Structures are given as structure tokens and as C-alpha cells.
Amino acid sequence: MDPKISEQRPKVGLAVIVRREGKYLLGKRINSHGHQTWCMPGGHLEFGESFEETARREAMEEAGVALIDVKFLHATNDIFEPEGKHYVTIFMSALTTDDPEVREPDKMIEWGWFSWDALPEPLFLPIVNLMRDQIRPE
């Protein structure tokens with residue numbers, strides 16, 4: 001491994017599995033690692049924030065959805081080899097009654113609702129790892 005990469009520490013990301021009427025919210029990423037993959041709302045855990053605070057902030061910033069019943073679900077260890085990035089991703093689950101909107105068009109192309117058994121592809125690496133761990137949200 002490149003010594004510059006091995007000296008870095010993993011970052012902490014957080015993804016929110018947002019559910020409404022039996023469907024799950026995913027957006028298509030652009031201009032970042034995971035370009036053109038589908039992911040849940042999320043971002044970096046900020047200094048001093050709780051997991052729940054990060055989930056609520058990121059869901060509102062990215063998709064304009066308010067969250068209900070936010071709970072911890074799982075964590076994955078995600079090594080993005082081509083980009084030389086390493087994240088620990090905290091997965092939270094939540095409900096919403098809101099319709100999503102693209103609030104960060106420089107980061108996301110679109111939002112959509114999908115069945116867990118028919119998620120769009122390609123999926124962002126943390127979701128691939130979540131599924132590999134056989135984690136299925138409520």
C-alpha cells in the first residue's frame with residue numbers, strides 16, 4: 001500500500017436509510033468518490049454531533065426530508081481502493097412523510113423511492129457492504 005495512504009486515518013461517514021410506504025430513498029451521486037452510484041442521504045459526522053443529529057442534518061441538507069424515529073442500524077468498514085479513501089460508515093434508519101428534492105445539484109442528480117429487493121445499480125460501496133453483511137432494514 002502507498003505509504004501516503006497508509007498514514008491516513010479513516011473518516012466517519014453516516015448514511016440514513018429513509019423509508020416511506022415500504023420504499024427506500026436513494027440518490028444518484030456525482031462529482032465525488034462513488035461517482036454515478038446510488039446512495040442514501042448522508043455525509044460526514046461533524047465534531048460534537050450525535051449520530052441522530054448528523055442523520056437529521058444530512059437528510060434535510062441533501063434531500064429536504066425531515067426524519068421520524070431515527071435509530072442506529074449498523075456500521076460498515078469501507079475501503080475505496082481506486083480513490084485511496086477509507087471510511088467507517090454508520091447506518092441509521094428513519095421514516096419520513098416528505099417528498100425529496102435535489103438540494104445539492106453539484107452532488108446529486110436525482111432522488112427516487114425503491115423497493116429493498118429492487119435497488120438501482122450500481123450501488124455505493126457502503127450499501128454493497130451493508131448487503132454483504134446481510135443487514136436488512138425494517
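Side-chain atoms are counted along with the backbone in the values below, which use heavy atoms only and exclude waters and symmetry mates. Predicted model only: the values in this text are computed from it and were never measured.
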Give the minimum heavy-atom separation between [X] and [Y], together with the two atoms involved.
X: Met40; Y: Val16; answer: CB-O, 3.1 Å
X: Pro100; Y: Val65; answer: CA-CG1, 3.8 Å
X: Pro41; Y: Ala59; answer: CB-CA, 4.1 Å
X: Pro122; Y: Gln36; answer: CG-O, 3.7 Å
X: Pro126; Y: Phe91; answer: O-CZ, 3.5 Å

Check your understanding: Checking side-chain hydrogen bond (donor to acceptor under 3.5 Å, both in side chains) for the pair Asp78/His86: CA distance, chi angles, key distance, verdict?
Key -> CA-CA 6 Å; Asp78 308 308; His86 183 178; over 6 Å; no
I'd like to know if the side chain of [X] reaches the main chain of [Y], judged simply by a donor and an acceptor atom lying under 3.5 Å from each other, with no hydrogens or angles considered.
X: Arg56; Y: Ala66; answer: no
X: Asn31; Y: Asp106; answer: yes
X: Glu53; Y: Ser50; answer: yes
X: Glu62; Y: Gly42; answer: yes
X: Glu49; Y: Glu46; answer: yes

Exercise for review: Could you go through the side-chain contact (heavy atoms from CB on, under 4.5 Å) check for Lys28 and Thr37 one step at a time?
Suggested key: CA-CA 6 Å; Lys28 193 165 189 182; Thr37 61; over 6 Å; no
Check your understanding: Are Lys23 and Glu21 close enough for a salt bridge, meaning some N to O gap below 4.0 Å?
Key ->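 The answer is no: the pair does not qualify as a salt bridge.
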**Study point:** Ion pair check, Asp98 and Arg20, cut-off under 4.0 Å
**Key:**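 Not counted as a salt bridge, because no side-chain N and carboxylate O are separated by less than 4.0 Å.
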[atom2] on [Y] to [atom1] on [X], rounded to 0.5 Å:
X: Leu14; Y: Thr54; atom1: CG; atom2: OG1; answer: 5.5 Å
X: His74; Y: Thr89; atom1: NE2; atom2: OG1; answer: 10.0 Å
X: Leu67; Y: Glu58; atom1: CG; atom2: CD; answer: 11.0 Å
X: Asn77; Y: Asp133; atom1: CG; atom2: CG; answer: 10.0 Å
X: Leu73; Y: Ile90; atom1: CG; atom2: CD1; answer: 11.0 Å
X: Lys71; Y: Met92; atom1: NZ; atom2: CE; answer: 10.5 Å

Check your understanding: With hydrophobic residues grouped by side-chain heavy-atom distances under 4.5 Å, do Ile135 and Phe72 end up in a single group?
Key ->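 Different clusters: Ile135 never reaches Phe72 through Ile, Leu, Val, Met, Phe, Trp or Tyr contacts under 4.5 Å.
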Review point. Are Leu45 and Val18 connected, step by step, through hydrophobic side chains (Ile, Leu, Val, Met, Phe, Trp, Tyr) whose heavy atoms are closer than 4.5 Å?
Key: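 Hydrophobic grouping puts Leu45 with Val18.
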**Study point:** For Phe114, ring pair (Phe, Tyr, Trp, His ring centres under 6.0 Å) partners two or more places apart
**Key:**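 In terms of ring pair (Phe, Tyr, Trp, His ring centres under 6.0 Å), with neighbours along the sequence ignored, Phe114 is linked to Trp38.
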Point to revise | Nonpolar side-chain network containing Leu95, other nodes, edges under 4.5 Å | key: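 Hydrophobic cluster check, Leu95: joined to Ile68.
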Check your understanding: Which ILVMFWY residues can you reach from Ile109 by hopping between side chains whose heavy atoms are under 4.5 Å apart?
Key ->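 Same cluster as Ile109: Ile30.
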Check your understanding: What pairs of residues pass the ring-ring contact (aromatic ring centres under 6.0 Å, His included) test when at least one of them lies in residues 39-58, not counting sequence neighbours?
Key ->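 Checked against ring-ring contact (aromatic ring centres under 6.0 Å, His included) - neighbours excluded - the pairs reaching residues 39-58 are His44-Tyr87.
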Check your understanding: Got a sec, which residues hit side chain to side chain donor-acceptor pair (under 3.5 Å) with Arg29, two or more places apart in sequence or on another chain?
Key ->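 Partners of Arg29 by the side chain to side chain donor-acceptor pair (under 3.5 Å) criterion, ordered by chain and then number, come out as Ser32.
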Check your understanding: Do Pro120 and Leu26 have side-chain heavy atoms sitting under 4.5 Å apart?
Key ->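 Touching, per the 4.5 Å side-chain cut-off.
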**Study point:** Pairs touching residues 110-122 that satisfy side chain to side chain donor-acceptor pair (under 3.5 Å), sequence neighbours left out
**Key:**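 Residue pairs passing side chain to side chain donor-acceptor pair (under 3.5 Å), neighbours aside: Asp117-Arg136.
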Review point. Looking at His33 versus Phe80, is the centre-to-centre ring distance below 6.0 Å?
Key: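 That pair passes the under 6.0 Å test.
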**Study point:** Criterion side-chain contact (heavy atoms from CB on, under 4.5 Å) on Lys85 and Gln8, from CA distance to verdict
**Key:** CA-CA 9 Å; Lys85 295 184 179 193; Gln8 296 178 13; over 6 Å; no
